[in-house]
Structure formats: C-alpha cells, structure tokens
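Heavy-atom basis, side chains included; hydrogens, waters and symmetry copies ignored. Order of appearance sets the numbers: ligands from 1, and atoms from 1 within every ligand.
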Amino acid sequence: MIVLGIETSCDETAAAIVTDAREIRADVVLSQLDDHTPYGGVVPEIAARAHLEHLDGLIRRAMAEAGIGFGDLDAVAATGGPGLIGGVIVGVMTAKAIAAARGLPFVAVNHLEGHALTARLTDDVAFPYLLLLVSGGHCQLLAVEGVGRYRRLGTTIDDAVGEAFDKTAKLLGLGYPGGPLVEKAAARATNPARFDLPRPMLGRPGCDFSFSGLKTAVRRHVEELGAPLSDADRDDLAAAFQATVAEVLADRCARAIRRFKEDHPQGGALVVAGGVAANKAIRSRLSTLAEKQRMPFVAPPLRLCTDNAAMIAWAGIERFRLGESDPLNFAPRPRWPLDPNAAPVIGRAGVGAGVKA
Ligand code: KG4
Ligand code: ZN
C-alpha cells in the first residue's frame, strides 16, 4: 500500500510518500520560519497563504523523489485538524481534489494521532504504550491502546511545554522558534546550576502539568538581572529552564507509568513524541526513567518529532488498513481531542487545554 500524506496544520508545509511496509519513500518539509520570524510567532493568515503557494510543488517533489505517479497511490491522507484552520483547509482541499480526480480513498488524520503513532512507523512499537506528547500546543500523557483508542492520563492546565520553550526564548532574547535555540543556549552554559527555578506540580498527585509559573520565574530573573542580559546569564538561565522542564516531565511520567502499569500489567513502552521530543536533555532524562522502570524507551528520530507529513501518511495507513476512510464532505476540525471522554481542564481564561495542534 502506498499513501500520500499532507501536513499543513501549523507553519510547516509537508508532503510524504509512505508504504505499509513502514518505508518512507519521500518526506519533504518546507519550513515557513522566515515568513513568521519578523512577528515572533506564527501568523495564521500568512501560514495559510504560504501553504497554498507551496503545497502543490511539494507534492510534485515528493512524488518525483519516490519515483511514482498518482496512479500508483492507494490512498491520500491529510491532516484534518486540530490546527490553524486556514492551513488545514488548504491541505484537506488538496487531498480531496486528488482523491476525487483519481477515485482514491481520502483519510482525514488527527495531527496528534500522527505524532502518537510515529513510534509504530519508526520502531514498530506494539499497543499498548504510554505516550508523552509534547509539542507547541500540547502536553499530554496518554495510554495508547490502539488506533483511535487513547486514554488521557494527564494534560497541561495552562501552557503547553513547547509554548513554554518559545516564551522563555523570547524572554531571553533568543528569537523564534524557541525550543532549539534554548537547547543550544543551555549547551553553552558555564554554570548550569546557578539558578534554582520552581518545579511546578512536582510531587503532586495526578499526572497534570503546569508551566506558566516557570515562565514567570524566568521573567523575574531576567528583570532582576537587568537588560541586556549577558551571554552567560542567558545561557545559565536557559540551562536552568531546560533542566527544570526535564525534571517535571520525568516526575509526571513516573506517576503516569504507575497508572499505566496498573491498567496494563502486561507492560508496554514509554514513547515520547511531538516537537519537544527533539530535545536531547529531555530524551535522555526520560530514557533514564524508562530504564529504571524496566520499560523500553522509544523516541523517534529528530526530524520525525517535529511536524512532518510522513507521520500523517502513516496514521492514514493505520486507519485505512482497519477499513476506515472519510467522505469528501469531511469538515476540517480546528479542535480534535484524542480522548473525547477526558474531563475538560479549566486552564487559562477558562479555556480547556489542547487548544492548538
Ligand atoms: O510538533 P511540533 O513541530 O508542532 C506542533 O504540533 O506544535 O512542535 C513544535 C514545538 C515548538 O514549540 C518548538 O519550540 C518545540 O516544539 N521544539 C523544541 C525543540 N525543537 C522543537 N523544544 C525543545 N527542544 C527542542 N530541540
Ligand atoms: Zn505537531
């Protein structure tokens, strides 16, 4: 089975060709970083226009790299949400057009399910597994029991962890996107133990997260140190922030592991996914935790952690081989929780967590 995947839910335009034999035949990603950098974050309208401009060309490139034509495809999968709606519409309409013209099945993929199932594409991980999903808009712990079967064990009550990285980078004057820049600054730190930041939720019952207090603590240090920050101050603060996040994530995961093992005594892997999973300090902290708990640890290669279309094609394959596809009147979903039964979390301004992709 050969499937074309399309991803347009945020600021990466991406197309990929993946087979059910877990082979990535092509995987092209165009980052819109330069378009959004002047604004310090993603501007939805600019993103949608850029997707529209580049998607056709990227699909052509992916097909050429895979050495196939539209006649060789078995299905077309596109991110159907959650995400910035303008971009999602561009991807969904393009996929529907190809499906209609070629008489192919169309699969609308939940972007989060794309991240969640990546470990099965890369490492053939068996169900069930415990997933820490950490991206720009999400921070969740989920028991993954099957395709489309997720049980949320914890979520953030305020900021997503990627968002915390991005905001901290801004406070430190590092620019956008924050995650990779904070990681680089932390690696340059000469005194990483200099700042002691609060560890939100550490040791508290449950598996929920909170990051807004941590960000506020960074802001207070920046104000006390006074502008402009010296390179040493900036790098030491970045290191403190990253170490604190890693510790909090490990603490929450340790609690989730207990619950996961109660529900699934046969065991399963600890899997990390989403853009923040590209962070080496966080990966290494989680890997140590998994080892202690005697669980296999799976973290996809860095380029499959951040947004890409291979994960969308793969999630499409997983659903399609269970006999699922979507009608051509599928309506893009700006919100699309993985676990619709999870209790809403009252966070910032009364809005439930899991707002963005
Ligand atoms: O999954 P993703 O590419 O897009 C969303 O679906 O949100 O995640 C993007 C997020 C951004 O907040 C970015 O700062 C963060 O992932 N990120 C990182 C790293 N690389 C990307 N955070 C920490 N360390 C990194 N190396
Ligand atoms: Zn994502």
(message) Could you tell me if T37 and D34 have a donor-acceptor pair between their side chains, going purely by distance under 3.5 Å?
(response)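 No, no side-chain donor-acceptor pair sits under 3.5 Å.
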(message) Regarding Q242 and T244, do their side chains bring together a donor and an acceptor under 3.5 Å, going by distance alone?
(response)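 Distance-only check fails for Q242 and T244.
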(request) Drop me the distance from R61's CZ to I17's CD1, to the nearest 0.5 angstrom. (result)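 If I round to the nearest 0.5 Å, the distance is 12.5 Å.
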(request) Working to the nearest 0.5 Å, report the span between CE of M93 and CD1 of I89. (result)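 M93 CE to I89 CD1: 8.5 Å, rounded to 0.5 Å.
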Within a distance under 4.0 Å of any heavy atom of [X], pick out the atoms of ligand 1 and give their elements.
X	value
E183	24 (N), 25 (C), 26 (N)
G137	7 (O)
G162	12 (O)
G136	5 (C), 7 (O), 8 (O), 9 (C), 10 (C), 12 (O)

(request) For residues F260 and Y129, establish whether the separation of their ring centroids is below 6.0 Å. (result)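 Between F260 and Y129, the centre distance exceeds or equals 6.0 Å.
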(message) Looking only at the aromatic ring of each residue, does the gap between the centers of Y176 and H36 stay below 6.0 angstrom?
(response)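 So the answer is no for these two rings.
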Sub-4.0 Å heavy-atom approach of [X] to ligand 1:
X	result
C10	no
H138	no
H115	yes

(request) Using a strict cut-off of less than 4.0 Å between a Lys/Arg side-chain nitrogen and an Asp/Glu carboxylate oxygen, indicate whether R199 and D251 qualify as a salt bridge. (result)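 Salt bridge: no.
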(message) For N/O/S atoms only: which one belongs to D307 and is nearest the Zn ion (ligand 2)?
(response)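 This turns out to be OD1.
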(request) Could you tell me whether T306 and ligand 1 have an N or O pair separated by under 3.5 Å? (result)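 N/O-N/O distance below 3.5 Å does not exist for this pair.
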(message) Counting only nitrogen or oxygen atoms and a 3.5 angstrom limit, does P177 reach ligand 1?
(response)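 Checking ligand 1 against P177, no N or O pair falls under 3.5 Å apart.
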(message) I want to confirm something. Looking only at heavy atoms, which of A278, A160, G179 is nearest to atom 18 (C) of ligand 1?
(response)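 Of the listed residues, G179 has the closest heavy atom.
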(request) Look at atom 1 (O) of ligand 1 and find which of P82, G275, A281 reaches it with the closest heavy atom. (result)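 The residue whose heavy atom sits nearest atom 1 (O) of ligand 1 is G275.
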(message) Classify the ring geometry of F165 against F241: parallel below 30°, tilted from 30° to 60°, perpendicular beyond 60°.
(response)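 It falls in the perpendicular class, over 60°.
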(request) Mind reading off the angle at the Zn ion (ligand 2) between the NE2 atom of H115 and the NE2 atom of H111, rounded to 10°? (result)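 That angle works out to 100° after rounding to 10°.
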